[in-house]
Amino acid sequence: MSSDKPLLRGRGEEERALLRLLDRARAGSGGALLLVGAPGMGKTALLDLAIAHAVPGFRVLRVSGVESESRLPYAGLHGLLRPVAAGAASLPGAQAHALMSALESGTGAGGLTLPAAVLGLLSAVAAERPLLACVDDMDLLDADSREVLSFAARRVSGEPVALLFTAREGVRAPGGLEGVPVQVLGGLDAAAVQELAGDLAAGKVAEDLLVALDHIARGNPLALAELIGSLTPDQFAGLAAPPVTLPKDGRLWREHASRLAALPQEVQRLLLLIAADPGLDLATLIRAARPSCALTVLEPAERAGVLHTAGDRYDFRDPAMRGVVYYGASLLRRRSAHRLLAGLLGDDEQADEHGAEDGAEQADEHGAKPGAEQRDESQRLRRAWHRACALDGPPASLADDLAAAALDAHPAHTHPEPYLALERAAELTDPHDPAKAERLAAAARYAWVAGRPQVTRSLLARLRNLTAPDELRGHVQLLHGSLELLGGETGSAREELLAAATWLLESHRMLGVRALVRAADASYRAGDNRAFIAIARQAAALRRPDETVPTQLMFEYLAGMASTFSGSHQEAAAPLRRVVELAGSVRDPAVLVWACVASMLLGEDATAHRLSARAVETARVRGAVSAMPQLLDYMIYPEIWMGRYAAVATTAAQGLRLAQETGQLNTAAQHLAWLAITAAVEGDQETCRVRADAAIGLADAHDLGIAGAVGNWALAYLDLAAGRPADAANRLRAERRNSNHVVIRVMATPHFIEACARTGDHEAAGAALRVLERWVGSTRSPDLRALVSRCRALLAGPGESEELFREALDLHGQGVYEFEAARTRLLYGSALRRDRRPGAARTHLHSALETFERYGARLWTEQARTELRASGDPVRPALDATTGQLTAQQLQIARMVAEGATNKEVAEQLFLSRRTVEHHLRNIFSRLGIRSRVELVRLMS
């Protein structure tokens, strides 16, 4: 696109549709296109883009619908055709007369005369050069103009004419445009939102802030622009809560408010109720309607595109409309709405009691409450919330009721969210009452759990202005430290968490121990083993004989990890096994992940995966959004060991998205690094480097030894797969900051030993093998023992390696590391081939090749093919038009596209940009020797 054309983020698909329309018009076979979208979605901007592409080759006509002229017959036609009206003289007499009558006096002839005249005029104007006619807001044009232009739109396919219309989403098809192709403008995808935010803001908008803004904008470009333009410096810095609605002085607010003002008063009253309570069901809404009317009163709102039905509820078609309805109403009207809703929900309490028996089942293993109990708590919270918003009683009493209801409610199944209720309770509490600070602190904690870091920080900032009791200080520091641990600098997080532990160990022992473990976790993330060991020793001196099960687990975890970091693997085994045993009685997902780590260090990958999956599901049921990214990170470790790379890619993509949405840059770095590993396995060198570099950059900025080490390992893995063993060895022996974490170094040791063996550095390989042997000797894992045997075979002298390779394969047969078993076969086959035993080599090489092809590991596949050719095997070439040639990610994209997904839908589900999806799709077509989606569907079926 040339620099004089507007840059529209995320509208590549729409731009291509415009270019196709213009190309057809240039070729003398024009057509029409209708762009439909909500206000602010960029319909007018796309018209501007079409005109920029058309000029100077096209003659351009343009008109915009204006509501005040919508009752003037042919006003729209007059605005569009006035610049070329003189051409009417060339039309047949009746047509010329009909057209001029319409343009000059607003009177039209019946039948086909006037529509045929308009079509004839457009054709005559286009005879000299192609014509582009643009009608913005077609739905606001007068009905007569819409009818005539619709007639022309269906008949220009044989003319050098392009007709381009826009209309608002949700309204009935304007002017009977049936038969005209429609392009619906949805919200921008995540990548386009990021790009647009970068264009609009002087500096980078923090990911968690951008997610909060897009929660309102929902991909609407104008909404996002107006929200970013309204931000204060504190909101940009994350010190104040983000906006909760569109800015009132913005164009989009005025657009929505104007549509609302045109609706009847009773409709507006019911819309305010819907806005005040998103959980409002139809039965309650019917009772809220005035006795003289039914819910048919809401039909004008549906016709205007404001409302649509969603199950047994009404919802706003444009989510931003909810805020306009609610915050656009006066305070008195809002309070009246809340008072009415509180009364209606109070009426429901008796009905709910009758349904309580249905939910009397026992709580499940995750501690979730029975369904009826959750409904009762939710009902109680909603009623307390509406009473508090209506100020329907003494403030102190309202605050007490609301806080109690919020603390009892299930955070994943309530409206309002508990942090909002607690914040409102704090606002109603006397400033001199210690409960005010306690409620703000509780609101901050719930906001953090719900994945709202900006809100959390703003609530904590408000606490600074209050006199808080000493016992609250530890809770606040624990929250500060947790925020810093997942999004800030690890050293600062450790100090905050240690200080929190000092305050909490006496008053809230379990939280105090948790603060100690999190401080140790900060050291673990930084790769600071000495600091971890020091914290573990401090914790050991604090143990008591009467600890609860979760607290026992945490103490055993620290002891086992400290022994591991000291190199005493046999000594570490007992406390680590105790951790796994205790996990059966633990429900807290944050504690369960430490049992997952213990299982991995014991070589029990299946147990580690089961525990991490249980932790993830528990957090999901509890609505613990902020915990999910880290929990998903711990699920990846066993998946990596077991070679489940497709699962790793899916888990890491989900974890990355959630980490970015919740402001957890440190955990985002981890997931980026794991995605780099999967790209290395697939042989996608460009993607691997981009992701690894991003992870290493974050690691350097935040002192994240583990994320940097995984990113470095990914690059070394890529070097090894690409046949660059010297580069791989150099990366893995590097001592640079944030690239040498002990846990990752051990995980990468088999690759390091292989790289050193292939470059002749047996001394470094032998030293690394001794470290690996000490750890593996403390486990019972046949898979890990197989890797040790493989490494020994690589370093063995002539005549000694074959027995070790066979031992490795026998052990692989008892385990689950299929991909590593294939790598062992590749190395064994290569050794047999060099030993001039090609027949024996081929058996192992063919088996390895089959596995690599199944995994989409392109570079390892090439290595196996090269070895087979060297052994004298002609080895079948990669078959044309077979999906076996695709990487795992390409295969996933191909399947989604074959099932009917658009590029935008694929991008959103896989957390990629549409540009990246398009790039992969081109490569897929090239590899499969096909040219279209139709051929892809046929092939995939």
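From a predicted model like this one, the values you see are computed outputs, not experimental measurements.
Taken to the nearest 0.5 Å, the CZ atom of R537 stands 14.5 Å off from the CG atom of L542. Rounding to the nearest 0.5 angstrom, the gap separating the CH2 atom in W448 from the CG atom in L478 is 11.0 Å. Distance check: R530 CZ to S523 OG gives 13.0 Å after rounding to the nearest 0.5 Å. Taken to the nearest 0.5 Å, the CZ atom of R644 stands 9.0 Å off from the CG atom of D605.
For H609 and Y637, the distance between ring centers is not under 6.0 angstrom. Taking the centre of each ring, Y645 and W674 stay at or above the 6.0 Å mark. Separation of the Y717 and H751 ring centroids falls under the 6.0 Å cut-off.
With salt bridges taken as basic N to acidic carboxylate O contacts below 4.0 Å, none links R614 and E617. R514 and D588 are joined by a salt bridge, as a carboxylate oxygen and a charged side-chain nitrogen come within less than 4.0 angstrom of each other. The pair R439-E423 fails the salt-bridge criterion, with no side-chain N (NZ, NE, NH1 or NH2) lying under 4.0 Å from an Asp/Glu carboxylate O. Using a 4.0 Å cut-off between charged nitrogen and carboxylate oxygen, R577 and E581 do not count as a salt-bridge pair. Taking the charged nitrogens against the carboxylate oxygens, R494 and E484 have no contact shorter than 4.0 Å, which rules out a salt bridge.
Considering only heavy atoms from C-beta on, E489 stays 4.5 Å or farther from H702 through its side chain. Between H671 and I636, some side-chain heavy-atom pair lies under the 4.5 Å cut-off. Put simply, the side chain of T667 reaches to within 4.5 Å of the side chain of R525, judged on heavy atoms. Taking 4.5 Å as the limit, every side-chain heavy atom of V513 sits out of range of all side-chain heavy atoms of L558. Taking 4.5 Å as the limit, every side-chain heavy atom of L440 sits out of range of all side-chain heavy atoms of L460. Counting heavy atoms from C-beta on, the side chains of R622 and R587 come closer than 4.5 Å.
In the displayed structure, R543 atom CZ is contacted under 6.0 Å by more than 12 heavy atoms of other residues, nucleotides or ligands.
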Please assess T548 against T551 for the test side-chain hydrogen bond (donor to acceptor under 3.5 Å, both in side chains), listing each intermediate value before the final yes or no. CA-CA 5 Å; T548 64; T551 308; 2.8 Å; yes
Take L483 and E496 through the test side-chain contact (heavy atoms from CB on, under 4.5 Å) and record every step on the way to the result. CA-CA 10 Å; L483 281 165; E496 286 271 9; over 6 Å; no
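Annotation: ring-ring contact (aromatic ring centres under 6.0 Å, His included) contacts of W594 (sequence neighbours excluded): Y557. Qualifying ring-ring contact (aromatic ring centres under 6.0 Å, His included) partners for F555, counting only residues two or more places apart in sequence or in other chains: none.
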